[in-house]
Peer 1: 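What follows is a structure written as structure tokens; I'll ask about it next.
Atom set for the values below is all heavy atoms of this structure, side chains included, hydrogens, waters and symmetry mates excluded. Keep in mind it's a predicted model, so treat the numbers as computed, not measured.
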Amino acid sequence: MKRRHLEYFQIRSLIFDNLREFYNAPGTPLLDLSSDLGFMSYPGKGNWLIDGVEISSCFDSGNLKSIELNDNPLSDEDAVDRRQGRRPEVDLEFRCVVAPDMAGTEFENGNKSWFHFRVTGAHGKTVRFNMMNLNRHQKLYNQGMAPVFMVHQQGTEMPNIMLEPERWNRVCSVFSHTSDGVFLMSFWHTFTTAEDVYFSFSYPCSVEDTTKWIDKLEKKHRFPEEHSSSDIYFHREILCRSIDGRPVELLTISSAEGITDEVEPNFAHNLPPPFPERADEENNNDAEENKSGQKAFMISARVHPGETPASHVLRGMVDFILRTDDKRSATLRSRYVFKIIPILNPDGVVRGHYRTDARGQNLNRFYLNPDVSLQPQCFAYRQLIYYLHRNYRLDGKDIPNDIDSTAQDYDSLVEDKESGVGFLIDLHAHAAKRGAFLFGNRLKLADYHAETLCYARLTAANSAHMDFDACCFSQRNMNMKDKRDQLSKEGSCRVAFYYLTGSPHIYTLECNYNTGRYQNAISSRDGALTPPIPPAPLVKYTPDHYAEVGRGLLCGVLDVFTVNPIPRVAPQQVKSLRGQISRQVEIQRSNPSQRRKITSKNVSSGLSLDRLSQYEKPKRFERSLPVASGTKVVRTPPVKEVPPGRLSRPIASRTCSDRFVNPSSSSKHTRSFKARSIEKKPSVLPRIKPPVHTFNLQFHNDARETLRTGPSFTTRFGHR
């Protein structure tokens with residue numbers, strides 16, 4: 001592995017020292033992000049003083065357009081609730097209007113879900129906030145979605161949610177309703193202290209929070225000049241600069257083993273002069289052999305600024321990769337070079353946008369043909385992926401340095417499992433579907449497609465909140481168009497980079513803002529640093545739950561290639577699971593008219609993850625897999641345990657009822673009694689050969705050197 005090109009603070013200094021002189025666009029002043037006054041030119045920023053209560057959104061990721069007092073019911077349903085006293089009595093009530101993305105400009109659009117503001121001076125009062133113009137997330141709020149709040153003492157340092165996520169909690173009283181077809185959301189809060197209280201649509205994570213979190217990681221894991229092979233290589237740099245001039249950061253994490261003094265090219269094509277070396281310059285045409293034996297693992301987040309759960313998933317992944325006392329983390333670092341982009345759209349995050357950047361663009365639709373001046377992040381990201389695809393290959397194949405000649409559609413692409421991009425996961429959040437789930441591509445080769453499904457299934461075996469049944473790997477999900485802007489998903493990170501590299505393992509992770517459909521029961525594992533998660537009722541997601549999903553994604557990578565040093569799933573059972581999924585993929589593709597979705601029920605029948613104790617018997621599966629034409633069915637008797645006492649019971653011992661047996665039929669009754677004393681031969685049941693669902697997923701126990709089994713690990717725990 002090569003070292004990175006320029007030091008982070010060197011490039012950062014170049015940006016902020018020369019930014020005004022070189023890159024300030026006319027009419028767009030560079031804002032001082034350290035001051036509230038610097039945000040005032042943004043439409044979603046403002047300060048209000050109403051009846052002694054100060055409300056402000058002038059801070060990083062804040063958004064509130066206007067606010068006023070309210071004395072009247074907002075809807076017919078609200079009027080009924082007020083008359084019947086169903087809602088808490090309040091001292092103050094406000095009408096709050098959220099600014100849509102790029103409000104008041106030519107780039108204004110209809111994304112208006114994100115709000116984030118601060119309230120001061122409401123001590124001892126119960127206040128009702130009515131969000132008047134949110135996007136219609138009726139389903140999300142009907143499922144119990146509630147905004148979050150955090151109490152902050154004035155005069156002290158603002159707590160960082162990446163370091164103190166427990167400081168944020170959900171509000172208790174929420175009421176969603178409609179008025180003349182307009183969606184409204186109301187929530188209440190009682191201010192018990194004189195401190196500042198911050199409210200937000202979901203658990204926020206600003207650019208400042210992320211930057212300070214990375215500062216702490218860099219200080220802790222600064223790479224020493226004299227290092228050993230067991231050290232962690234941590235490097236921080238600037239990938240490019242956004243339209244507003246903000247740095248888009250890139251982290252590199254791996255093992256120090258095999259590192260060289262050579263440096264990689266930089267992709268910051270629009271940084272202030274002197275320009276760093278670009279990856280597509282002529283002197284970089286020749287791809288070099290990857291001597292470290294490591295592929296690249298790409299992780300990106302926050303291309304949609306309001307999807308804050310992505311940052312908390314990223315925190316869980318980065319913290320897991322940087323563990324020094326976990327064999328799994330060491331294995332990941334030895335196998336992959338992690339390239340991480342914490343925030344792809346810093347302009348949208350700072351402005352308080354929900355989905356777009358400083359030009360009102362949904363950047364996750366421009367990766368196929370990005371414009372270097374209009375979508376600089378997408379352009380630099382695409383250059384980086386193509387460099388990794390060429391230079392991190394393990395087969396030494398020479399790939400021409402012509403990014404424009406790569407596939408632009410599904411029909412022309414050639415899948416390449418030897419691509420230097422071993423994995424790519426783009427992190428997002430979802431407002432409609434519950435749970436955490438993966439979107440993958442519909443691969444051309446059935447074996448590759450089965451491997452991606454197997455990865456998703458094993459991720460669910462390592463995460464309590466991953467919903468395998470909600471995962472989607474269809475071709476329709478690759479080229480469908482958005483309802484709002486009619487842009488095709490072929491321009492998304494997942495699909496565009498699949499066309500670019502042909503790498504099978506490219507995914508989009510989606511996490512619901514609120515909760516999931518059910519919670520998986522995670523098996524115990526002696527010696528594992530990640531504790532077992534017992535079954536529990538559905539929970540409201542917190543930052544720590546999102547971080548747990550991130551750890552599950554990484555453990556699934558080790559399991560799918562059977563290199564997990566502390567597995568929850570035995571390697572031989574991973575092989576069996578892969579066989580089940582491959583069979584289902586073949587059945588699905590051979591019978592287009594019967595394309596049943598591959599779920600945990602039809603690929604995991606009879607599998608378990610040690611969910612019951614050794615004294616409990618596993619439940620038998622109730623449903624068999626579909627049998628293809630020409631499949632041979634073999635009848636074999638099932639195994640049945642019989643207590644030893646029944647086999648050794650003496651025939652001479654008779655009960656009282658035996659004394660009254662008719663002598664003429666004594667021989668008949670004796671034979672019947674003997675038959676009852678011997679184990680009855682069970683009836684035979686059909687079984688598919690080769691076996692598909694007659695095994696149990698086994699779990700290694702290092703301490704006892706035994707294998708234990710249990711029921712299906714797709715058990716769901718939900719409300720009844």
Side-chain angles (χ1 to χ4, degrees), residues 44 60-63 98 100-102 109-116 134-135 137 139-141 145 147-148 161-162 165 168 200-207 209-210 242 248 299-318 340-358 360-367 377-378 381 424-439 465-466 470 482 484-485 487 489 491-494 507-516 540-543 545-547 549-550 553:
D60 188 352
S61 76
N63 183 13
V98 174
D101 293 2
M102 296 305 298
N109 52 77
N111 295 291
K112 46 188 178 181
S113 296
W114 178 261
F115 59 87
H116 191 190
L134 297 179
N135 289 131
H137 295 311
K139 185 176 181 180
L140 180 66
Y141 287 100
M145 171 67 178
V148 297
I161 193 172
M162 300 292 276
W168 288 84
S200 178
F201 167 72
S202 182
Y203 296 99
C205 184
S206 64
V207 172
D209 288 338
T210 305
S242 67
V248 179
I299 307 172
S300 58
R302 301 296 293 279
V303 68
H304 295 151
E307 297 179 356
T308 55
S311 289
H312 304 300
V313 174
L314 179 71
R315 172 176 63 88
M317 299 181 76
V318 172
I340 303 169
I341 305 177
I343 300 180
L344 267 166
N345 187 0
D347 294 347
V349 174
V350 171
R351 289 171 176 264
H353 288 181
Y354 178 64
R355 195 171 175 84
T356 62
D357 70 341
Q361 304 172 114
N362 177 5
L363 293 179
N364 199 35
R365 295 295 180 268
F366 292 95
Y367 289 108
Q377 302 100 306
C378 300
Y381 196 179
L424 189 152
I425 304 179
D426 192 27
L427 307 178
H428 289 258
H430 210 282
K433 293 180 67 174
R434 288 180 291 172
F437 47 91
L438 290 169
F439 287 158
H465 308 289
M466 177 62 68
D482 294 336
R484 294 181 181 177
D485 48 25
L487 295 177
K489 284 192 174 182
S492 66
C493 173
R494 169 175 55 90
Y507 306 92
T508 297
L509 174 74
E510 300 279 357
C511 293
N512 188 266
Y513 289 103
N514 182 40
T515 186
K540 300 288 186 181
Y541 288 161
T542 66
H545 291 124
Y546 295 127
V549 173
L553 291 172

Peer 1: Are Leu314 and Pro342 close enough that some pair of their side-chain heavy atoms sits under 4.5 Å apart?
Peer 2: yes
Peer 1: Do Arg351 and Met102 make a side-chain contact, defined as non-hydrogen atoms from C-beta onward lying under 4.5 Å apart?
Peer 2: yes
Peer 1: For the OG atom of Ser202 and the NE2 atom of His312, what is their distance to the nearest 0.5 Å?
Peer 2: 6.5 Å
Peer 1: If you round to the nearest 0.5 Å, how far is CG of Asn135 from CG of Leu140?
Peer 2: 11.5 Å
Peer 1: Looking at every non-hydrogen atom in both residues, tell me the closest pair between Ser242 and Val248 and how far apart they are.
Peer 2: N-CG2, 4.4 Å
Peer 1: So which atom in Asp426 and which in Ser300 form the shortest heavy-atom distance, rounded to 0.1 Å?
Peer 2: OD1-OG, 2.7 Å
Peer 1: Testing the 3.5 Å rule here: is there a donor-acceptor pair between the side chains of Asp347 and His353?
Peer 2: no
Peer 1: Looking only at heavy atoms, what is the nearest atom pair of Asn345 and Thr356, with distance?
Peer 2: ND2-O, 3.2 Å
Peer 1: So, using salt bridge (Lys or Arg N to Asp or Glu O under 4.0 Å) as the criterion, who are the partners of Arg315 when residues are at least two apart?
Peer 2: Asp544
Peer 1: Which atoms form the tightest heavy-atom contact between Cys205 and Arg302, and what is the distance?
Peer 2: O-NH1, 2.9 Å
Peer 1: Take Leu509 and Met466, measure what side-chain contact (heavy atoms from CB on, under 4.5 Å) needs, and give me the verdict at the end.
Peer 2: CA-CA 10 Å; Leu509 174 74; Met466 177 62 68; 3.7 Å; yes
Peer 1: Distance from Tyr354 atom OH to Leu134 atom CG, nearest 0.5 Å?
Peer 2: 10.5 Å
Peer 1: Tell me, please, which residues at least two apart from Arg355 pass salt bridge (Lys or Arg N to Asp or Glu O under 4.0 Å).
Peer 2: Glu307
Peer 1: Which atom names give the shortest non-hydrogen contact between Asp60 and Val349, and what distance separates them?
Peer 2: OD1-O, 3.9 Å
Peer 1: Please evaluate residues Asp482 and Asn362 with respect to the criterion side-chain contact (heavy atoms from CB on, under 4.5 Å), reporting the C-alpha separation (whole Å), side-chain torsions for both, the decisive distance (0.1 Å), and the verdict.
Peer 2: CA-CA 11 Å; Asp482 294 336; Asn362 177 5; 4.0 Å; yes
Peer 1: Atom CZ in Phe439, atom NZ in Lys489: separation rounded to 0.5 Å?
Peer 2: 5.0 Å
Peer 1: Centroid-to-centroid, His430 to Phe437, below 6.0 Å?
Peer 2: yes
Peer 1: Quick one: CG on Asp101 to NZ on Lys112, what's the gap to the nearest 0.5 Å?
Peer 2: 11.0 Å
Peer 1: Tell me, do Met317 and Ile340 make a side-chain contact under 4.5 Å, heavy atoms counted?
Peer 2: no
Peer 1: I'd like to know if the side chain of Asn514 reaches the main chain of Arg434, judged simply by a donor and an acceptor atom lying under 3.5 Å from each other, with no hydrogens or angles considered.
Peer 2: no
Peer 1: Looking only at heavy atoms, what is the nearest atom pair of Ala470 and Lys433, with distance?
Peer 2: O-NZ, 2.8 Å
Peer 1: For the ring pair Phe201 and Tyr513, is the centre-to-centre distance below 6.0 Å?
Peer 2: yes
Peer 1: Taking the side chain as every heavy atom from C-beta outward, state whether Val98 and Ser113 have any atom pair closer than 4.5 Å.
Peer 2: no
Peer 1: Parallel, tilted or perpendicular: which describes the rings of His116 and Trp114, with under 30° parallel and over 60° perpendicular?
Peer 2: perpendicular
Peer 1: First locate atom NZ of Lys139, then atom OH of Tyr141, and finally report the distance between them rounded to the nearest 0.5 Å.
Peer 2: 15.5 Å
Peer 1: So, does Ser200 use its side chain to make a donor-acceptor pair with the main chain of Tyr203 at under 3.5 Å?
Peer 2: no
Peer 1: Do Leu427 and Tyr546 have side-chain heavy atoms sitting under 4.5 Å apart?
Peer 2: no
Peer 1: Here's a test for you: under side chain to side chain contact (heavy atoms under 4.5 Å, CB included), which of Phe366, Tyr381, Tyr507 qualifies with Cys493?
Peer 2: Tyr381
Peer 1: Between Asp357 (side chain only) and Gly348 (backbone N and O only), is there a donor and an acceptor less than 3.5 Å apart?
Peer 2: no
Peer 1: Could you check if a side-chain atom of Pro346 sits within less than 4.5 angstrom of a side-chain atom of Gln377, using non-hydrogen atoms only?
Peer 2: yes
Peer 1: For Asn364 and Ser492, does a side-chain donor sit closer than 3.5 Å to a side-chain acceptor?
Peer 2: no
